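Structure first, commentary second.
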Amino acid sequence: MEDCLFCKIVKGIIPADKVYEDENFLAFKDINPKAPVHLLIIPKKHYATINDIPDTEMEIIAEIHRVIKKLAQDFAVAESGYRILANVNREGGQVVYHVHYHLIGGRLLRG
Ligand code: AMP
């Protein structure tokens with residue numbers, strides 16, 4: 001999508017601190033981290049929200065969790081613990097309309 005920030009990161013038009021990439025997924029550090037580890041994991045294919053992923057393509061959610069699991073190991077939060085969250089639409093707090101999961105850890109998270 002032309003005007004999508006995360007599509008621009010996928011295409012390399014906007015720089016990001018990339019920590020993982022494969023054919024279908026990209027992960028990079030959040031520009032405004034809420035914890036020592038704060039990564040964003042995205043499918044390269046544009047879906048505005050989780051609501052927009054067709055049922056026939058839902059396997060990307062399982063796949064994205066495979067990437068999350070690996071990154072939790074790589075960033076040494078798998079055992080100490082971490083939080084995964086995806087904000088959906090306005091009341092869910094979504095700001096960037098390209099599906100992404102936050103992986104947050106490295107400190108005690110409350111609430
Ligand atoms: P959300 O509220 O779930 O849509 O979160 C969007 C996230 O993207 C926020 O945590 C932002 O800090 C993060 N963000 C925005 N622009 C960038 C960028 N250029 N590089 C990395 N992270 C970004």
Side-chain angles (χ1 to χ4, degrees):
M1 258 265 286
E2 236 167 63
D3 284 333
C4 169
L5 175 65
F6 287 175
C7 285
K8 287 180 181 164
I9 288 176
V10 169
K11 288 178 188 153
I13 297 167
I14 289 178
D17 194 347
K18 294 179 188 176
V19 295
Y20 177 87
E21 182 163 15
D22 66 23
E23 194 185 344
N24 298 316
F25 300 99
L26 181 67
F28 49 92
K29 292 185 179 174
D30 195 293
I31 207 166
N32 182 22
K34 302 280 188 286
V37 176
H38 189 165
L39 309 176
L40 299 174
I41 302 93
I42 69 169
K44 289 184 173 176
K45 183 169 177 181
H46 181 86
Y47 308 96
T49 80
I50 287 172
N51 296 334
D52 300 299
I53 304 174
D55 287 354
T56 52
E57 296 177 35
M58 271 298 169
E59 70 277 0
I60 71 150
I61 297 300
E63 286 287 301
I64 222 165
H65 279 74
R66 177 182 53 73
V67 177
I68 288 167
K69 196 174 100 176
K70 175 189 164 28
L71 287 168
Q73 289 287 351
D74 292 351
F75 281 79
V77 295
E79 300 308 322
S80 53
Y82 58 97
R83 183 171 291 170
I84 307 163
L85 71 97
N87 298 321
V88 180
N89 275 333
R90 187 176 55 85
E91 292 192 5
Q94 187 171 5
V95 174
V96 178
Y97 281 77
H98 180 124
V99 165
H100 56 280
Y101 278 76
H102 298 253
L103 189 169
I104 301 170
R107 68 169 171 82
L108 183 60
L109 301 167
R110 298 183 187 280

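The shown structure was predicted, so the numbers you read here are calculated from the model rather than taken from an experiment. Whatever order the structure lists them in is the order used to number ligands and atoms, beginning at 1.
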>> Looking only at distances, can you tell me whether any N or O atom of Ile9, backbone or side chain, sits closer than 3.5 Å to an N or O atom of ligand 1?
In response: no
> Relative to the heavy atoms of Asn87, which atoms of ligand 1 are at a distance of less than 4.0 Å?
Replying inline: 1 (P), 2 (O), 3 (O)
>> Restricting to non-hydrogen atoms, name the atom on Leu26 and the atom on Lys18 that form the minimum distance, rounded to 0.1 Å.
In response: CD1-CD, 3.7 Å
> For ligand 1, which atoms have a heavy atom of His102 less than 4.0 angstrom away?
Replying inline: 1 (P), 3 (O), 5 (O), 7 (C), 10 (O)
>> Evaluate Val95 for polar contact with ligand 1, using N/O atom pairs at a separation under 3.5 Å.
In response: yes
>> Below the 3.5 angstrom mark, is there an N/O of His38, backbone or side chain, next to an N/O of ligand 1?
In response: no
> Between Ile104, Asp30, Asn32, which one has a non-hydrogen atom sitting closest to atom 11 (C) of ligand 1?
Replying inline: Asp30
>> Nearest 0.5 angstrom please: Asp3 CG to Tyr97 OH, how far?
In response: 15.5 Å
> Considering only protein heavy atoms, which is closest to atom 21 (C) of ligand 1, and at what distance to one decimal place?
Replying inline: Ile31 N, 3.4 Å
>> Looking at every heavy atom in both Ile50 and Ala86, which two are closest together, and how far apart are they?
In response: CD1-CB, 3.8 Å
N/O donor to acceptor pairs below 3.5 angstrom from side-chain atoms of residues 34-44, sequence neighbours left out:
{"unit_1": "His38", "atom_1": "ND1", "unit_2": "Lys34", "atom_2": "N", "d": "3.0"}
{"unit_1": "His38", "atom_1": "NE2", "unit_2": "Asp30", "atom_2": "OD2", "d": "3.3"}
{"unit_1": "His38", "atom_1": "NE2", "unit_2": "His102", "atom_2": "ND1", "d": "2.8"}
{"unit_1": "Lys44", "atom_1": "NZ", "unit_2": "Glu21", "atom_2": "OE2", "d": "2.9"}
{"unit_1": "Lys44", "atom_1": "NZ", "unit_2": "Asp22", "atom_2": "O", "d": "2.7"}

> Do His100 side-chain atoms and His98 backbone N/O form a donor-acceptor pair below 3.5 Å?
Replying inline: yes
>> When you measure from the heavy atoms of Ala16 to every atom of ligand 1, does any distance fall below 4.0 Å?
In response: no
> ligand 1 versus Tyr101, non-hydrogen atoms closer than 4.0 Å: side chain, backbone, both, neither?
Replying inline: neither
> Is it the case that more than 12 heavy atoms not belonging to Lys69 sit under 6.0 Å from its NZ atom?
Replying inline: no
>> Within the structure, is a non-hydrogen atom of Phe6 found at a distance of less than 4.0 Å from ligand 1?
In response: yes
>> Taking distance alone, with N or O pairs closer than 3.5 Å, would you say Val96 contacts ligand 1?
In response: yes
> Taking non-hydrogen atoms only, is Lys34 closer than 4.0 angstrom to ligand 1 via side chain, backbone, both or neither?
Replying inline: neither
> Considering only heavy atoms of Leu40, which atoms of ligand 1 have at least one such atom less than 4.0 Å away?
Replying inline: 8 (O), 13 (C), 22 (N)
>> Give me the atom names and distance for the closest heavy-atom approach of Arg110 to Leu108.
In response: NH2-CD2, 3.2 Å
>> Would His100 count as a polar contact of ligand 1, with the cut-off being nitrogen or oxygen pairs under 3.5 Å?
In response: yes
> Closest non-hydrogen protein atom to atom 2 (O) of ligand 1, residue and atom name please, with distance?
Replying inline: Gly93 O, 2.9 Å
> Any chance CD of Glu91 has more than 12 other-residue heavy atoms, nucleotides or ligands included, within less than 6.0 Å?
Replying inline: no
> So which of Leu85, Thr49, Leu5 gets nearest to atom 15 (C) of ligand 1, if we judge by its closest heavy atom?
Replying inline: Leu5
> Distance from Leu103 atom CG to Lys70 atom NZ, nearest 0.5 Å?
Replying inline: 12.5 Å
> Any side-chain heavy-atom pair from Tyr20 and Ile68 closer than 4.5 angstrom?
Replying inline: no
> Which of the numbered atoms in ligand 1 are below 4.0 angstrom from a heavy atom of Lys29?
Replying inline: 21 (C)
>> Nearest 0.5 angstrom please: Asn89 CG to Asp52 CG, how far?
In response: 7.5 Å
